[in-house]
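Below is one structure; the comments refer to it alone.
Letters go in sequence order (proteins before strands), and every chain restarts at 1. Worth knowing before you read on, the calculation uses all heavy atoms, side chains too, and leaves out hydrogens, waters and symmetry mates.
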There are 2 protein chains.
Amino acid sequence: MQAFENRTEPALPLRATNLEAGWQRQGKLWSNLKELCALLRIPAVSGMADEDLLFQHVQFKTGQRIHTIGQPFDTLYIVHSGFLKTVLIDEYGNEQVLSFPMKGDLFGVDGIHTRRYASEAVALSNCDLILLPFKKFIALGRTHIELEQAMYSVMSRELVREQSMVSMLGALSAEARVARFLVSLSERFAEMGYSSRLFNLRMTRHEIGSYLGLTLETVSRTLSAFNEIGYITVDQKSIGIRDVEALRTLRRLPPSTTRGRQTSRKARPAAEDVIEAGAEPATWDQLMSA
Amino acid sequence: MQAFENRTEPALPLRATNLEAGWQRQGKLWSNLKELCALLRIPAVSGMADEDLLFQHVQFKTGQRIHTIGQPFDTLYIVHSGFLKTVLIDEYGNEQVLSFPMKGDLFGVDGIHTRRYASEAVALSNCDLILLPFKKFIALGRTHIELEQAMYSVMSRELVREQSMVSMLGALSAEARVARFLVSLSERFAEMGYSSRLFNLRMTRHEIGSYLGLTLETVSRTLSAFNEIGYITVDQKSIGIRDVEALRTLRRLPPSTTRGRQTSRKARPAAEDVIEAGAEPATWDQLMSA
DNA sequence: CGAACTGTTGATAACTATCAAGTGGCGTGG
DNA sequence: CCACGCCACTTGATAGTTATCAACAGTTCG
């Protein structure tokens, strides 16, 4: 069984004529501000000279690197189509996947502070990216004030995403992480107009594991388990979602129960205990026998 | 043994006269743009009307909440003195510590996107915070263009911090996390002009554990172990750093070895294997017998 | 001075990594 | 066109790290 949803290319015309050969010339090569805002899911900039400001597109093929760690920063990227990964590389050469940017996502932001990219971005499929030269962007801020706000908003969104990532890595079990990963992918695909129930993973088990702080074996086993209990169907990279709610609510008793003395340290009636919440399938056995 | 370094208050005058009672009236109540930039460790804004623009300070006492999750967002905060924590609270009421803001740190940024704070901020000591009303800040961007860049820079820095946090949670062992935590605290204190070799933790083991994705017991045990092998001295909240290098280089074989097929997927001579790096003390036993 | 919180330490269990072997897919080259 | 080799994935056995449960000591503060 194969899922033919969301191919790399715009794909709606069913990947017919645009093949590898002519790729470099395919697609739209320029976008204006309005399209850019729509893509980023932020209120359109009201400015007048919309049609004048054009932003160049660039295409990358599967496996190509968009930028590396330490490379001088000068431009931000917005994904128009395709799938990528951003990674950190530690002193031993090990990758740590940080995100999987896709349509509408912004990346490269981590280079602003030090003026050098802090991460590496690699195309997981053929990609069409919009270049947003930082200087140009800054200059634009002078005339289009809303654009400035928009950028704050996008960066803030990114920050919140990282926060929830930290929270997930810090508090959730392996099953819960994989479940949430699938759900968020599903939602992401829905937003992009693809099927949320049947899609292809663009990354390897290894990359997923790195992203979720797990080994590839654990990811594989968890997917198999979800498959067996009917939450999903798995066939290599093809994933079918069969019970979103189950995946969405799958959790585990958090390892750190920080509750108590939450507001002011001083006094408080007394025994205000942990909520100990209604249990969810916590162990493999429970999962398997569900 | 008690470390008297870095008390909550400006502290250099050895916490003499300014006691709890008069706190609300103590300290400086307003700061100008220049001071603000210095505090944030970003190039000073060159604007002219420096002295005109004043930003109000506000004081919070230990345990007080600065903002809660869901509360309408309207201002950013910069720490002038004191220590705080920011936390996420999940559906069961469990806290997840996200950061420990201290002097020079900005927080509240996560509220920009949704217009509501995404996290909760609590004072871990008496604090002096500078208010930065978002509207006012945006307005300022029109006249002080550099301020805009500065904010991008600070947000970018924050994003990079979160990234390294994710990387740490995803790839490092418990010992390594605690070691890095201590080192970064030490460095942070040094930046603030305090001793980097002897300091007091402002947070509980529980909060540290939540921050690092560990239980309080594991944190406690790890500190005890570091103490025994002479890397640090521990006495309750008082920490003495005795071998920064050991702490800094303490790592472990990363669980996910994503290396291989890094650049282009296609072809490549061949067997280009993992670097498998020179081993470091990996287990508790090794740690203990070092 | 006691209650409540914080921190320490031990015993045990659970989760997940590690090691290992085998299958299947896919691209490259014979 | 098929075979080979590499890579991704699956699955099993085992070990190790860290969570959990529990008891206790030290601290703080009213």
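Contact check, B:S224 against C:dT9: a side-chain N or O comes under 4.0 Å of OP1 or OP2. Between B:T218 and the phosphate of D:dA19, there is a side-chain N or O to OP1/OP2 separation shorter than 4.0 Å.
Side-chain atoms of A:Q236 and base atoms of C:dC26 include no donor and acceptor less than 3.5 Å apart. The base of D:dT11 has none of its N or O atoms less than 3.5 Å from a complementary donor or acceptor on the side chain of A:R205. The base of C:dC15 is not paired with the side chain of A:E175 by any donor and acceptor separated by under 3.5 Å. Counting distance only, with no hydrogens placed and no angle test, the side-chain atoms of B:R221 and the base atoms of C:dG7 include no donor-acceptor pair under 3.5 Å.
Taking atom CG on A:L201 and atom P on D:dC9, their separation rounds to 8 Å, with Å as the unit. In this structure, B:D235 places its CG atom 10 Å from P of D:dT28, rounding to the nearest Å. Put simply, CD on A:E228 is 12 Å from C1' on D:dT10, counting in whole angstrom units. If you take CD1 of B:I208 and C1' of C:dT6, they are 12 Å apart, rounded to a whole angstrom. When the P atom of C:dT6 is taken as reference, atom NZ of B:K237 falls 7 Å away, rounded to whole Å. For the pair B:H206 NE2 and D:dA19 P, the computed distance is 12 Å after rounding to whole Å. Taking atom CZ of B:F226 as the reference point, atom C1' of C:dT8 lies 16 Å away to the nearest angstrom. Spacing between atom CG of B:L212 and atom P of D:dA19 amounts to 11 Å, rounded to whole angstrom units.
In terms of heavy atoms, A:Q64 sits closest to A:F60 at OE1-CA, 3.3 Å. Heavy-atom minimum distance, A:V183 versus A:V244: CG2-O, 4.3 Å.
Only one option out of A:T233, A:I239, A:L250, A:I241 pairs with A:F226 in a side-chain contact (heavy atoms from CB on, under 4.5 Å); it is A:L250.
Separation of atoms NZ (B:K85) and CD (B:E120) is listed at 8.0 Å; rounding is to 0.5 Å.
When each of C:dG7, C:dT16, C:dA20 is scored by its nearest atom to the side-chain atoms of A:E217, the top-ranked nucleotide is C:dA20. In the set D:dA19, C:dT16, C:dT9, D:dA19 carries the atom at the smallest distance from any side-chain atom of B:T215. Distance from the side chain of B:S220 is smallest for C:dT8 among the nucleotides C:dT8, C:dG7, C:dT16.
The aromatic rings of B:F107 and B:H67 sit tilted, their planes meeting at an angle between 30° and 60°.
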